[in-house]
Amino acid sequence: MPVPRMCLQRGPVTDSAATTETPSPRILRRRERTRQAILAAATDCFNRKSVATVSVEEITAAVDISRGTFYKLFPHKEEVFLQIARPMLELYSAELARIECTAPREVFDRILDVYIRVWREMPDAFSLASKESRNVFYLLEDLHRPAMQHMRRLFAFIERHGILRVERADYAVGLLARSAVVVLRTLDHDPEWESLFRDSMSGFLLKDQSGRR
């Protein structure tokens, strides 16, 4: 059954005529600090619960701002999610697009490189996007679709060389998408988390590699 799409919870409509003056640099800096604080607080709230169940009041309470201040910066809480997840997904998609189909094991390693880089740079956004992928990712369809196309292209290449445990590229893509962030989150505090992640995902998705150094 398809997951129903969320209704965007919009804030009050403001009079644009009242905001025609160009804000001073000081005001712009203050707005940006507030925006960043909202993004940080919302990321924490969304990761603990979900985008659907977190209210605007919870976010504003965490930042200690009014609803009016929130709605001056974001039209609805889903926009907050978009601004958290979009930079992460842009990086993820761009890095996948750069991978060329060379040797199959090298391609698989390069895919894991992408996961490691995104996790290293944006762990909270990556974790949130993975958790919310079935609920609000339609809002990021312009980035999510090409990212999945790149992933299917790469795994189709690997599949042709017969080294996937599950034999089929679409199964491997689904398993990686559902397990990678869970494994990263589990191993995150280990100083050897990168090599442990590689070993875990290779053992999970690839056939026996005992002959590989």
Side-chain angles (χ1 to χ4, degrees), residues 1-11 31-32 34-56 58-60 62-63 70-99 107 110-156 169-185 188 197 201 205:
M1 176 184 296
V3 178
R5 295 190 174 188
M6 299 169 60
C7 295
L8 302 185
Q9 299 180 11
R10 298 187 179 276
R31 285 182 184 174
E32 179 59 19
T34 303
R35 191 183 76 86
Q36 292 296 334
I38 291 171
L39 293 175
T43 300
D44 181 61
C45 291
F46 292 158
N47 268 318
R48 283 189 289 104
K49 299 172 68 175
S50 70
V51 176
T53 58
V54 170
S55 66
V56 170
E58 288 177 79
I59 299 171
T60 57
V63 188
F70 176 92
Y71 285 122
K72 286 179 181 177
L73 297 169
F74 300 96
H76 42 70
K77 66 177 179 179
E78 289 77 15
E79 177 63 26
V80 181
F81 168 78
L82 291 180
Q83 293 194 28
I84 295 167
R86 180 170 285 277
M88 180 282 302
L89 196 54
E90 287 174 344
L91 174 63
Y92 175 75
S93 183
E95 290 298 305
L96 288 175
R98 293 191 181 98
I99 301 176
V107 170
R110 290 287 309 281
I111 293 170
L112 298 186
D113 287 343
V114 174
Y115 276 81
I116 288 169
R117 179 180 176 187
V118 176
W119 183 258
R120 188 189 296 120
E121 296 187 15
M122 306 177 187
D124 293 332
F126 202 7
S127 183
L128 174 60
S130 176
K131 183 166 72 75
E132 294 286 348
S133 61
R134 295 186 61 196
N135 299 322
V136 291
F137 246 46
Y138 69 91
L139 297 171
L140 290 164
E141 189 67 18
D142 62 312
L143 288 173
H144 188 242
R145 183 185 292 109
M148 289 301 97
Q149 289 172 344
H150 293 311
M151 190 69 82
R152 285 190 288 270
R153 168 181 63 87
L154 296 169
F155 270 98
D170 54 341
Y171 291 163
V173 170
L175 288 170
L176 179 63
R178 288 166 176 77
S179 63
V181 171
V182 175
V183 174
L184 286 164
R185 193 185 300 121
D188 186 58
F197 172 69
M201 302 315 298
L205 292 173

Please give me the minimum heavy-atom distance between V181 and S127, naming the atom from each residue. CG1-CA, 3.8 Å
CG/L143 to CG/L91 distance, rounded to the nearest 0.5 angstrom? 11.0 Å
Calculate, to the nearest 0.5 Å, the distance between atoms CG and CG belonging to L139 and L82 respectively. 5.0 Å
Rounded to the nearest 0.5 Å, how far apart are CD of E79 and OH of Y71? 12.5 Å
State whether R48 and D44 are salt-bridged, where the test is any N-O pair (Lys NZ or Arg NE/NH1/NH2 against Asp/Glu carboxylate O) under 4.0 Å. yes
N/O donor-acceptor pair under 3.5 Å between R178 side chain and G174 backbone: yes
Side-chain heavy atoms of M122 within contact of T43, under 4.5 Å: no
Decide if atom CZ of R145 counts as having more than 12 heavy atoms of other residues, nucleotides or ligands within a radius under 6.0 Å. no
Determine, step by step, whether H144 and Y138 satisfy the side-chain contact (heavy atoms from CB on, under 4.5 Å) criterion, reporting the C-alpha distance in whole Å, the side-chain angles of both residues, the deciding distance to 0.1 Å, and the verdict. CA-CA 8 Å; H144 188 242; Y138 69 91; over 6 Å; no
Does any N or O in the side chain of K131 come within less than 3.5 Å of the main-chain N or O of F46, such that one atom is a donor and the other an acceptor? yes
For a quick test of reading the model, state the closest non-hydrogen atom pair linking H150 to S93 and the distance between them. CD2-O, 3.8 Å
Once rounded to the nearest 0.5 Å, what's the spacing between atom CE of M201 and atom CG of L175? 8.0 Å
I need the minimum non-hydrogen distance between I84 and A125, along with the two atoms involved. O-CB, 3.6 Å
Distance from N47 atom CG to R185 atom CZ, nearest 0.5 Å? 7.5 Å
Starting at CG of D124, measure out to CE of M88 and round the result to the nearest 0.5 Å. 11.5 Å
Let me see the working for M148 and R152 under side-chain contact (heavy atoms from CB on, under 4.5 Å), right down to the final yes or no. CA-CA 6 Å; M148 289 301 97; R152 285 190 288 270; 3.6 Å; yes
What I'd like to find out is whether the side chain of L176 reaches to under 4.5 Å of the side chain of M151, using heavy atoms alone. yes
V63 vs F70 side-chain heavy atoms within contact, under 4.5 Å: no
Looking at Y115 and A177, what are the two nearest heavy atoms and their distance? OH-CA, 4.2 Å
For the backbone of F126 and the side chain of S130, can you confirm whether one donor and one acceptor N or O come within less than 3.5 Å of each other? no
Using a 3.5 Å distance criterion without hydrogens, assess whether the side chain of E58 forms a donor-acceptor pair with backbone atoms of C45. no
What are the two closest heavy atoms between E32 and Q36, and how far apart are they? OE2-NE2, 2.7 Å
What is the minimum heavy-atom distance between A147 and L96, and which atoms define it? O-CD1, 3.7 Å
Any donor and acceptor pair, going by atom type alone, linking the side chain of K77 with main-chain N or O of S55 inside 3.5 Å? no
